[in-house]
Amino acid sequence: MSRVYVFDHPLIQHKLTFIRDKNTGTKEFRELVDEVATLMGYEITRDMPLEETTIETPVATCKSNVIAGKKVGLVPILRAGLGMVDGLLKLIPAAKVGHVGLYRDPETLQPVEYYVKLPSDVAERELIVIDPMLATGGSAVAAIAALKKRGARNLKLMCLIAAPEGIKMVQDEHPDVDIYVAAIDEYLNDHGYIVPGLGDAGDRLYGTK
Ligand SMILES: O=P(O)(O)OC[C@H]1O[C@H](OP(=O)(O)OP(=O)(O)O)[C@H](O)[C@@H]1O
Ligand SMILES: O=c1cc[nH]c(=O)[nH]1
Ligand SMILES: [Mg+2]
């Protein structure tokens, strides 16, 4: 069974409140999602291994730590996942970025895949799959399956808001993938929207409603 981590840092929770607020406009929404992605990136990289190197300071020679050359890949689920990419790249600028294009059919709530483009060395990378919303879980499960089909073995899932239903589906289908979120909300409504949630993440990011 995979683990679920809720990032309860006060700055993340504060910004999430304004992301949820229906009176927050597109520009501010996009900026806040970007900022929260950076803050979540700080937390999700906590287990990155370090290795010792030797440097010269202006005063003396010393041993000091650097990130041990672990390769990271970011994989946003299009479209809404794109809103969290730059925030993570600020912390992990060398990460390669793959893309999985999926939309959720509004009638059936089933994910429809329309695009996959990944770094060629996907099997050697630790991949962070990114999507603001984990609702039924169908999109995340399909995206992770698409990555595993292409050789990915080491995956994490990072979302802003998850519904209990989505967490359960990911844990059932991909028990090897830990889940990192800023909040776990109450339930899904009849249209598959997270309650209270934030509405449609893609539409709020890109002003398409
Ligand atoms: O867990 P699920 O029930 O699958 O729902 C979550 C998915 O729905 C949203 O994408 P959407 O289909 O609206 O596409 P978009 O990002 O292009 O707006 C969201 O960004 C997730 O990808
Ligand atoms: O609440 C939800 C559910 C799916 N997709 C969204 O953007 N929001
Ligand atoms: Mg959408």
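Chaining together hydrophobic side chains whose heavy atoms lie under 4.5 Å apart leaves M1 on its own.
With sequence neighbours left out, the side-chain contact (heavy atoms from CB on, under 4.5 Å) criterion links Y5 to R3, F7, D178, Y180. In terms of the side-chain hydrogen bond (donor to acceptor under 3.5 Å, both in side chains) criterion, residue partners of E31 (sequence neighbours excluded) are, by chain and number, K27. Under the ring-ring contact (aromatic ring centres under 6.0 Å, His included) criterion, Y206 pairs with no residue at all, not counting sequence neighbours. The side-chain contact (heavy atoms from CB on, under 4.5 Å) check on L39 picks up L11, I12, K15, with sequence neighbours excluded.
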Indicate every side-chain donor-acceptor pair of residues 75-89 with a distance under 3.5 Å to a residue at least two apart or in another chain.
from, atom 1, to, atom 2, distance (Å)
R79, NH1, T208, OG1, 3.1
R79, NH2, D203, OD1, 3.2

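F29 places a side-chain heavy atom less than 4.5 Å from the side chain of L198. You'll find the side chain of I184 reaches within 4.5 Å of the side chain of V4, heavy atoms only. For the pair P196/E186, a side-chain contact is recorded, criterion being any heavy-atom separation below 4.5 Å from C-beta on. A heavy-atom distance below 4.5 Å is not found between the side chains of P111 and R104. Looking only at side-chain heavy atoms (C-beta outward), L118 and L147 come within less than 4.5 Å of each other.
Side-chain N or O atoms of T24 include none that pairs as donor or acceptor with a backbone N or O of R20 at under 3.5 Å. In terms of modelled atom types and a separation under 3.5 Å, the side chain of D121 and the main chain of E124 share no donor-acceptor contact. Of the possible polar contacts, one joining the T57 side chain to the A60 backbone as a donor-acceptor pair under 3.5 Å is found. When atom types are taken as modelled, the side chain of R150 and the backbone of A146 share a donor-acceptor pair closer than 3.5 angstrom.
L134 approaches C159 most closely through the heavy-atom pair CB-SG, 3.8 Å.
L109 and M169 are assigned to two separate hydrophobic clusters, defined by single-linkage of ILVMFWY side chains at heavy-atom distances under 4.5 Å. Under a hydrophobic clustering in which Ile, Leu, Val, Met, Phe, Trp and Tyr are joined whenever their side-chain heavy atoms come within less than 4.5 Å, directly or via other members, M40 and L32 fall into the same cluster. A chain of hydrophobic side-chain contacts below 4.5 Å, direct or via other Ile, Leu, Val, Met, Phe, Trp or Tyr residues, connects I194 to I19. V170 and V129 fall within the same hydrophobic cluster, where Ile, Leu, Val, Met, Phe, Trp and Tyr residues are linked whenever their side-chain heavy atoms come under 4.5 Å apart, directly or through other members. Hydrophobic clustering (ILVMFWY, side-chain heavy atoms < 4.5 Å, transitive): M133 and L205 are in one cluster.
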* To do: Carefully, step by step, assess K71 and E126 under the rule salt bridge (Lys or Arg N to Asp or Glu O under 4.0 Å).
  => CA-CA 6 Å; K71 293 174 165 182; E126 176 181 288; over 6 Å; no
* **Verdict with supporting geometry, D34 and R30, salt bridge (Lys or Arg N to Asp or Glu O under 4.0 Å)** => CA-CA 6 Å; D34 179 73; R30 202 182 293 140; over 6 Å; no
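In the displayed structure, K96 atom NZ is contacted under 6.0 Å by at most 12 heavy atoms of other residues, nucleotides or ligands.
Electrostatic pairing of E165 and K168 does not count as a salt bridge here, judged by no charged N lying under 4.0 Å from a carboxylate O. Using a 4.0 Å cut-off between a side-chain N of Lys or Arg and a carboxylate O of Asp or Glu, K148 and D176 qualify as a salt bridge.
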